[in-house]
Amino acid sequence: DVFTSDAAAVQQLVTDLRGISSVRNVYLREQGSGKAVLSVETSESPSGLIARLQNQTKLGLFVAGMTGTTAKISVSR
């Protein structure tokens with residue numbers, strides 16, 4: 001889950017995720033009311049993916065929660 005009311009930030013996040021070599025694809029499942037749901041095809045764990053994303057993006061990221069298969073983040077530009 002991605003928490004932001006900034007649609008452009010969500011699109012930038014999708015672009016940045018697609019730029020990570022271990023990411024095969026990114027799907028925007030839903031967006032509205034300050035939240036977006038993305039599905040990411042990757043061989044990496046959520047924690048590994050977030051670490052790589054933080055090194056590559058100019059977006060502000062705050063990790064609100066993480067499990068073995070999901071991450072909840074807040075995004076700002």
Side-chain angles (χ1 to χ4, degrees):
D1 296 341
V2 179
F3 299 99
T4 184
S5 56
D6 186 345
V10 173
Q11 289 304 314
Q12 184 62 52
L13 178 64
V14 169
T15 299
D16 291 346
L17 283 166
R18 287 183 175 149
I20 296 173
S21 61
S22 64
V23 173
R24 291 185 292 278
N25 212 338
V26 180
Y27 304 96
L28 179 57
R29 299 291 184 197
E30 64 181 82
Q31 186 173 4
S33 301
K35 177 181 163 184
V37 177
L38 304 178
S39 293
V40 181
E41 289 182 12
T42 183
S43 56
E44 283 198 70
S45 67
S47 59
L49 186 61
I50 294 294
R52 289 180 61 146
L53 180 62
Q54 288 174 321
N55 288 331
Q56 289 187 252
T57 189
K58 293 183 179 178
L59 294 170
L61 299 178
F62 172 76
V63 179
M66 200 174 308
T67 69
T69 58
T70 64
K72 294 183 180 195
I73 61 173
S74 294
V75 178
S76 62
R77 287 190 293 154

Report task. Keeping to residues at least two apart or across chains, list the salt bridge (Lys or Arg N to Asp or Glu O under 4.0 Å) pairs with something in residues 35-47. Result ->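 Qualifying pairs, neighbours excluded: Asp1-Lys35, Glu44-Arg52.
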
Query raised in the report: Is there any salt bridge (Lys or Arg N to Asp or Glu O under 4.0 Å) pair reaching into residues 2-18, and which pairs are they, with sequence neighbours excluded?
Result: Asp6-Arg77

Which residues share a side chain to side chain contact (heavy atoms under 4.5 Å, CB included) with [X], sequence neighbours left out:
| X | answer |
| --- | --- |
| Ser74 | Phe3, Phe62 |
| Ala7 | Gln31 |
| Ser43 | Ser22, Arg24 |
| Thr69 | Thr67 |

Query - Minimum heavy-atom distance Gly68-Pro46, with the two atoms named - result: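 For Gly68 and Pro46, the tightest heavy-atom pair comes out as O-CD, 3.3 Å.
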
According to side chain to side chain donor-acceptor pair (under 3.5 Å), who are the partners of [X], at least two apart in sequence or on a separate chain?
| X | value |
| --- | --- |
| Asn55 | none |
| Ser45 | Ser47 |
| Ser39 | Arg29 |

Query raised in the report: So which residues get pulled into Leu53's cluster when ILVMFWY side chains under 4.5 Å apart are joined, directly or through others?
Result: Val2, Val10, Leu13, Val14, Leu17, Ile20, Val23, Val26, Leu28, Leu38, Val40, Leu49, Ile50, Leu59, Leu61, Val63, Met66, Ile73, Val75

